[in-house]
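Encoded as structure tokens, the structure appears first; notes follow it.
Note that these values count all heavy atoms, side chains included, but never hydrogens, waters or copies made by symmetry. In what follows, chains carry the letters A, B, and so on, assigned in the order in which the sequence lines appear, proteins first and then strands, with residues in each chain numbered from 1.
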Amino acid sequence: MPSMASNNSTHTAKINQLNGPKADFVARRQKIEKHRKALPIAAAEKRLVDEVSNNDVLIIVGETGSGKTTQLPQYLLNGGFGRNGVIGITQPRRVAAVTVAKRVAEECGVTLGQKVGYAIRFEDVTSTSTRIKYMTDGLLLREALLDPYLSKYSVIIVDEAHERTVHTDVLLGLLKTVQKKRSQGVNDTVNNHRIQTENGIESQKENELQSTSIMKNNQGKKLSPLKLIIMSASLDAKIFSDYFGGARAVHVQGRQYPVDILYTHQPETDYVDATLITIFQIHLEEGPGDILVFLTGQEEIESIERLIQERLPKLAESKRKLLVVPIFASLPSEKQMKVFMPPPSGFRKVILATNIAETSLTIPGIKYVIDPGMVKLRTYDASTGIEPLIVVKTSKAQALQRSGRAGREGPGKCYRLYPESEFYKLKASTTPEIKRCNLANVILQLKALGVDDILGFDFIEEPERMAIIKSMELLFLLGAFTDGSKLSDPVGHQMARLPLHPIYSKALIVASQFNCLEEMLIIVALLSVESIYYAPREKLEESRTALRSFSSPEGDHLTLLNIFRASDEFLEKSKLVISQDKAEKKLRKWCKQNFINSRSLKHARDIHSQIRRNVEQMGLHVTSCGEDMLPLRRCLAASFFLNAALKQPDNTYRALSSGLVVKIHPSSVLFRMKPECIIFNELVRTNQNYVRNVSTIDYLWLPELAPQCYALQE
DNA sequence: GAGCACTGC
């Protein structure tokens, strides 16, 4: 064998020498083919294609490493399913859509964006020749607003369905009805779909628009039936099968190395301490291999990091080679990259991570996983509308996902810091997101898709009635509905078209009437991203000084506007003398000097240009209020009137709609000013109720601008 | 005078 191998490589090297890049290409193709054939799913190619031919809905249970995401679309294309339409594959995350598309384009030997492409928000790398299209599930939902029958697709594959994101859940419901309608034929359903609106010429226009687009796609012939494939990890195939009327489920083997699961004998009272002990125990007693620890948040990660650093010097010098690497989403990207770098020779890496390491990124070299069994979860309280984060026990599925991270490159070990009996008491899977979030956007989208009766919609799992009703109330107050709770025209339809929280969508529509849409587009873009401020604890004062020149006495909204404009001016000025790339690099430096998170600012810039395009297409007039901030401030009051609060004698505030006692968050420019009347965008509950993104308004504006909520006292 | 799991349009 060894001599064979060496002969082979000499042979290849010779060809390389003779034919250069072409032989390189051939060698790479051969390597790719070999890799593809070795995947567990490869043996099932014909069977899978037959299953898809014979079943309109197919559930595929594929374990990690089966190759289903990259291979199945290629099998279907070769099986002829791309002839009558595009094969679409949805992913919950943007990076996944992009990286998988790149990989498949390479495997097919085509340029990305031609036969194989991807589409995510802000980026469409597809063309008319695209047959395999990877995309985020949220993007496909948006496409459905313009093409309710998803007529360009012959097959839709919903990948990672077990994650049960809101988008996946809504998409499954939509696909179920789309499939039914497409198999029935389109002609008689067009008029029933979303069109039962009693008012207005506008909506008729929109209906006509839709009918024509369907006709065009249809070219006079009936739309072909839609094939639907749901791909999921093993635990809950039955849920999907039942939802699709007992659809057939097939199983595809994965490729994972065995992982030893170890439990504690007793429940741990202090899991931070237990985590520390386990880290050192592995480090001192186990063979080489990196350690991945799952923790609940930044604070916990930083405190454990400190504790490790304190204890390390107490070890024998030869045992001190332990490199601690934290990772969480809000960490600047250059620091995040450290988890992918190999440690100095002889060192063991211990990675302290949040959930980000569960699915979003895969870290190489992990042999040991420590799982304390806790996770920080966003919840939703329908009665107050607050969405607090709480620490809860993981689910069984999550525990399995975490332990699986130890078996990607070889056999591994997972230390669960609770007794085995506790594992069996865990919930099978995490409560789907749709049951623990604000539903305003979901409802708006469903209404725009023609679902009139939200309470009667066939959700795979029903959200709470109260959560639906609360969100309907909000949409009603924003003017998105008619009295018959249909989407209003034009406001409701315009709101549904914008990729923003409904409150912000409405703010844009209001701003067009106040002649300050130019300004509001900026403010809403900034309110839609993570905080753009970045101040490490040790440089708090320095950052405050840097930001002082932007701050406005009128509040955080105008401050945000000032920062955006300053950054934009800086970028435009740079672009006059240097290339776009260099100018953007220079902007990042500017951000750093001013303690601004450049990732968030970039995101806001992208959103800004997208929503600016959206409102222009909708025919709204983008005008500016110029130097006069009064109309803009009145517009903020008219837009965010539901979140108004009045100062009380003790300098706290009372929120007018909920009656909650709140304080201005210390990060606000108004923290010390304590104006009489404010509006705010966010209510966070920690030890107290804090409001963030606050502006001062004149309280007399409320009855004038929002008489439906506020009446003048006699 | 305070902290923010993770995604997505």
Side-chain angles (χ1 to χ4, degrees), chain A residues 90-97 119-124 135-146 160 163-171 294-303 327-331 353-361 374-379 387-392 394 398 401 430 432-434 436-437 440-442 444-445 448 495-502 504-505 525 528-531 533-537 540-541 544 597 600 603 606-607 610-611 613-614 651 663-668 670-672 674 682 684-692:
Chain A
T90 69
Q91 295 289 327
R93 279 170 295 281
R94 294 162 53 96
V95 253
I120 56 178
R121 187 183 189 181
F122 312 130
E123 249 182 285
D124 185 355
M135 67 200 125
T136 46
D137 41 19
L139 191 101
L140 185 60
L141 274 178
R142 284 280 157 193
E143 276 189 18
L145 291 179
L146 301 172
E160 314 285 9
E163 288 192 24
R164 302 292 304 278
T165 65
V166 182
H167 286 156
T168 303
D169 272 22
V170 176
L171 189 58
F294 285 101
L295 297 165
T296 61
Q298 177 175 353
E299 217 178 77
E300 201 170 274
I301 287 174
E302 285 170 352
S303 83
I327 184 152
F328 43 89
S330 59
L331 199 70
T354 59
N355 264 7
I356 196 171
E358 233 174 59
T359 46
S360 302
L361 50 90
M374 306 303 279
V375 64
K376 204 178 268 185
L377 206 65
R378 168 90 53 208
T379 52
E387 305 179 52
L389 287 165
I390 50 168
V391 174
V392 295
T394 60
Q398 210 169 4
Q401 174 71 25
T430 310
E433 198 185 354
I434 200 157
R436 46 185 179 85
C437 74
N441 237 328
V442 169
L444 197 57
Q445 296 233 345
M495 285 171 66
R497 253 185 89 175
L498 289 159
L500 296 168
H501 188 287
Y504 297 154
S505 303
S528 300
V529 300
E530 288 283 290
S531 167
Y533 303 112
Y534 174 71
R537 215 173 305 168
L540 219 56
E541 269 318 301
R544 209 145 290 163
N597 182 333
S600 298
H603 193 192
D606 286 338
I607 293 177
Q610 186 191 29
I611 58 179
R613 241 185 353 260
N614 288 151
N651 272 352
K663 287 184 170 179
I664 297 181
H665 195 274
S667 65
S668 169
L670 295 182
F671 177 66
R672 284 199 182 84
K674 307 272 188 284
E682 207 186 346
V684 284
R685 174 175 285 173
T686 52
N687 295 327
Q688 315 190 56
N689 292 323
Y690 284 106
V691 290
R692 292 198 303 192

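If you take CD of A/Glu300 and P of B/dC6, they are 13 Å apart, rounded to a whole angstrom. Taking atom CG of residue A/Leu171 and atom P of nucleotide B/dT7, one finds them 20 Å apart after rounding to whole Å. Between the P atom of B/dT7 and the CD atom of A/Glu433 lies a distance of 12 Å, rounded to the nearest Å. Distance CD1 (A/Ile390) to P (B/dC6): 16 Å, rounded to an integer number of Å. When rounded to the nearest whole Å, the span between CD of A/Glu682 and P of B/dC4 equals 10 Å. Atom CG of A/Asn355 and atom C1' of B/dC4 are 14 Å apart (whole Å). Computed from coordinates, the A/Leu670 CG to B/dG1 P distance equals 17 Å when rounded to whole Å. One atom, CD of A/Gln298, and another, P of B/dA5, lie 6 Å apart when rounded to the nearest Å.
Side-chain contact between A/Arg121 and A/Thr136: absent, with no pair of heavy atoms (C-beta onward) separated by less than 4.5 Å. Under the 4.5 Å side-chain criterion, counting only non-hydrogen atoms from C-beta, A/Arg142 is in contact with A/Gln445.
Backbone-only contact: A/Thr354 has heavy atoms under 4.0 Å from sugar-phosphate atoms and none from a base. Looking at heavy-atom distances under 4.0 Å, A/Arg164 makes no contact with the nucleic acid at all. A/Leu389 comes within contact range of at least one nucleobase, with a heavy-atom separation under 4.0 Å. Among the heavy atoms of the strands lying under 4.0 Å from A/Arg93 are primed sugar atoms or P, OP1, OP2 only; no base atom is included. Residue A/Arg692 is classed as a base contact, given a heavy-atom separation below 4.0 Å to a base. Within 4.0 Å (heavy atoms only), A/Asn441 reaches no atom of the nucleic acid at all.
Closest to the side chain of A/Phe328, from the set B/dG1, B/dG3, B/dC6, is B/dC6. Considering only side-chain atoms of A/Thr686, the nucleotide from B/dG3, B/dT7, B/dC9 that sits closest is B/dG3. Among B/dA5, B/dG1, B/dG8, the nucleotide with an atom closest to any side-chain atom of A/His167 is B/dG8. The side chain of A/Arg94 has B/dC9 as its nearest neighbour among B/dA2, B/dC6, B/dC9. Among B/dC4, B/dG1, B/dT7, the nucleotide with an atom closest to any side-chain atom of A/Ser360 is B/dT7.
Using a 4.0 Å cut-off, no side-chain N or O of A/Asn614 falls inside it from OP1 or OP2 of B/dC9. Between B/dC9 and A/Thr136, a contact under 4.0 Å exists linking OP1 or OP2 to a side-chain N or O.
Legend: residues meeting ring pair (Phe, Tyr, Trp, His ring centres under 6.0 Å) with A/Tyr690, ordered by chain and number and at least two apart, are A/His665.
Under a 4.0 Å N-O distance rule, the pair A/Arg93/A/Glu163 qualifies as a salt bridge.
By the 6.0 Å contact criterion, CD on A/Glu299 is open, its count of non-hydrogen atoms from other residues, nucleotides or ligands being 12 or less. In this structure, A/Glu530 places its CD atom where only 12 or fewer heavy-atom neighbours from other residues, nucleotides or ligands lie under 6.0 Å away.
Sequence order on DNA chain B of the closest nucleotides to A/Pro499 and A/Tyr690 puts A/Tyr690 first from the 5' end. For A/Leu500 and A/Val375, each mapped to the nucleotide of DNA chain B holding its nearest heavy atom, the one lying further toward the 5' end belongs to A/Val375.
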